[in-house]
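Below: the structure, in C-alpha cells.
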Amino acid sequence: MTFDVDLFVIGGGSGGVRAARIAAAEGGARVALAEESRMGGTCVIRGCVPKKLMVYASEFPAEIADARAYGWEVQAGSFDWSRFRTTLEAELDRLENAYRGTLRGAGVTLHDTRAVIEDAHAVRLATGERITAKHILVATGGRPFVPDIPGAELAITSNEMFHLPALPRRALVVGGGFIASEFACILHGLGVATTQYYRGAQILRGFDDEARGHVANAMQEAGIAIHCGTDVMRLERGPGGIRAVATDGSAREFDLVLYATGRRPNSAGLGLEALGVQLGRKGEVVVDDFSQTAVPSIYAVGDVTNRVNLTPVAIREGHAFADTVFRGVPTRFDHSLIASAVFTQPELGTVGLTEEAAREKGPIEVYSAAFRPMKTQFAGRPERVLMKLIVDQASRRVLGCHIVGPGAGEMIQLAAIPIGMGATKEDFDRTVAVHPTMAEELVTMRKPVRTG
Ligand code: NDP
C-alpha cells in the first residue's frame, strides 16, 4: 500500500517538531505536520520561554536594590507591562518563525490547521483534506486543568498570563506545583501583592522536603503570603474584585485569580478511542517504551502521554521515536534521573532521589549546607542558598542533589552529569573547588548532617 506521507505528526510542540525533523532530515522520510495553534507549542508560546522571560523581568527590583547596596545611584522606577508584553510577543514571533524555518529546511510539509485521526493510516484536516500516512505521531501536549468550583470562570490559567491587559494590584495563585509557585514569585517580583493557596501541607510536593521548605520560607520572607492547607471553595464577583471564599473560612478579594492546579493531556476528540488506542485515567495516551500505542502505526510522545511532562523529555521521546522508526535504531528513552529546575525565586534545581525517597531504599548519608552567598550578603539580603547531596552508604554513590539559590538550574545541569555516571561522594570530594563560587560547596561538604 502506498501512503501520501511516511509520517504525519499532529502537534507542533517540542516533541512533534523534533520527531518530524529527525524523521525527515536524518531518516529520509516524507513528513507532514499539523498544528492548530502556533508552531512551537506550550513551551515556546505559553510556557517555559515566556515564563522564563517574565522571571527575568521580575528579578530586576531585587537586583536594583542590590546595585544600590553596591554603591550605584539607581532607582527601580515603575514597570511598564505593556512595553514588556510587546517585546515578548515579538520574541515569540521570532521563535515561532525559527521553528517553521527549521521544519521547512528539513523538508517537512506544514499544515496550519487541526488534524484528527480517521483510521490507523489516515488523518483528516479541518480543511477537509484527507492525508494517508504509514505512521502517525500524536504530540498534542496538554492543557491547564481547573477544578469544577462555583465561579471557576472568573479565574485564568497560565495560558492567559502572558496576555494580561494590565498587571493586577492583588493576585491569588491557587496550587502548589511548578506553575503556581513560579507565577507567585513572578507576580510578586513585578510588584503585585501576591497570595498563594495550596491545599496540602507544603508547596512543591514531590521535591526534597528540606529543599521545598527552603524555597517556601524564602518566598514568604520576600513577602508572598503562602497559605497551606487552604483551598478555594468558590469564587464570586465582589464589590472591588474577585472574592475567593476559602476552606479556612476567609473571603478575600483579588483583582486576578490564577489557577495552576495541574495539566491534562490533549487526547480528546482526536479519534483515538474509536481506533482502540488506550487512554489512561487522566486521558493520557498509553504507550510502550518505544512510544508505540496499542495500534501499531500510531505513536505518541510528550505531555499527551503524561510520563514526565518536561520539554527536554518530549524532545528526547520524539527523537527516540524517529530513531526507532525511521533510522533503524531502536531507542528507548530512559526516564530515570531527569534533572529539572523550578524557576521560583530562589530557584530550585534537582536531580536524583530526594532524602525521603533515598532513605526508603537503604541507609544514606545526607550532606547539606545552607549559607548566605557572597553577592547578596554584601548587599544585606537575608537569603540563604541550600546545597544538598544524598549519598548511598553502601556504594558511596551520590543518589541525589538538590540546590536552592540563584543559578540553581544552571548548576544542577552540570551536577546531573557525574550523578548520571554513578559518581561517588569521594569523586565529588576529589574535585578541587572553584573559588569563590556557591557551587564549590558541592565539593567541600565533609561531614554528613544526618545518617541512617
Ligand atoms: P503540578 O502537577 O506540578 O501541580 C499541580 C498543583 O495543583 C499541585 O499543588 C496540586 O496539589 C494542586 N491541585 C491539583 N488539583 C487540585 C484541585 N482540584 N484543587 C486544588 N489544588 C489542586 O502542575 P502544574 O500545573 O504546576 O505544572 C504542570 C506540569 O508542567 C508540571 O508537572 C511540570 O512537569 C511542568 N512544568 C515544568 C516547569 C519547569 O520545569 N520549571 C515549569 C512549569 C511546568 P497536590 O500537590 O495536593 O496534588
Side-chain angles (χ1 to χ4, degrees), residues 13-15 41-56 141-152 155-162 172-186 196-207 209 211-212 215-216 219 226-235 244-248 257-266 281-284 302-317 335 338-351 403-404 408-410 412-413 416:
S14 303
T42 299
C43 171
V44 177
I45 304 298
R46 63 192 84 82
C48 326
V49 171
K51 180 276 308 285
K52 186 93 189 260
L53 291 168
M54 279 180 87
V55 170
Y56 287 137
R143 64 182 186 291
F145 157 78
V146 179
D148 188 16
I149 54 146
I156 65 162
T157 69
S158 57
N159 282 352
E160 290 76 51
M161 276 302 291
F162 309 106
L172 170 66
V173 180
V174 184
F178 280 79
I179 298 181
S181 305
E182 289 180 344
F183 272 118
C185 293
I186 289 170
Q196 183 176 1
Y197 286 174
Y198 172 52
R199 64 182 179 182
Q202 181 59 284
I203 62 167
L204 297 171
R205 183 167 65 82
F207 289 90
D209 275 353
R212 65 197 183 118
V215 173
M219 285 171 64
I226 301 178
H227 297 256
C228 288
T230 306
D231 205 356
V232 173
M233 290 197 300
R234 63 176 189 278
L235 295 175
V245 180
T247 49
D248 62 358
V257 177
L258 167 66
Y259 258 80
T261 42
R263 295 176 61 85
R264 293 290 180 272
N266 272 333
R281 203 169 52 85
K282 290 187 169 174
E284 69 274 21
D303 288 8
V304 76
T305 62
N306 197 27
R307 286 176 279 183
V308 179
N309 298 332
L310 298 171
T311 275
V313 173
I315 289 172
R316 295 293 283 268
E317 289 170 356
H335 288 83
I338 294 168
S340 69
V342 188
F343 293 99
T344 39
Q345 295 164 42
E347 270 174 41
L348 165 61
T350 185
V351 63
I403 302 175
V404 181
E410 306 288 345
I412 207 69
Q413 179 68 84

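Throughout, residue positions are numbered sequentially from 1 according to the sequence presented. Counting convention: from 1, in listed order, for ligands and their atoms alike. Only this structure's heavy atoms are used, side chains among them; waters, hydrogens and symmetry mates stay out.
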Name all residues meeting the side chain to side chain donor-acceptor pair (under 3.5 Å) criterion together with T261; count only those two or more places apart in sequence or in a different chain, and write none if there are none. none
Side chain to side chain donor-acceptor pair (under 3.5 Å) filter on S158, not counting sequence neighbours, yields none
Less than 4.0 Å from some atom of ligand 1, heavy atoms are found in residues K51, P147, G175, G176, G177, F178, I179, E182, Y198, R199, R205, D231, A260, T261, G262, R263, N309, L310, A341, F343
Using atom types as modelled and distance alone, determine if a side-chain donor or acceptor of T305 lies under 3.5 Å from a backbone N or O of D303. no
Could you check, using the six-membered ring where one of them is a Trp, whether F178 and F207 have ring centers closer than 6.0 angstrom? yes
Qualifying residues under side chain to side chain donor-acceptor pair (under 3.5 Å), relative to T344, sequence neighbours excluded: none
Considering the options N159, T157, N266, which one meets the side chain to side chain donor-acceptor pair (under 3.5 Å) requirement together with R143? N266
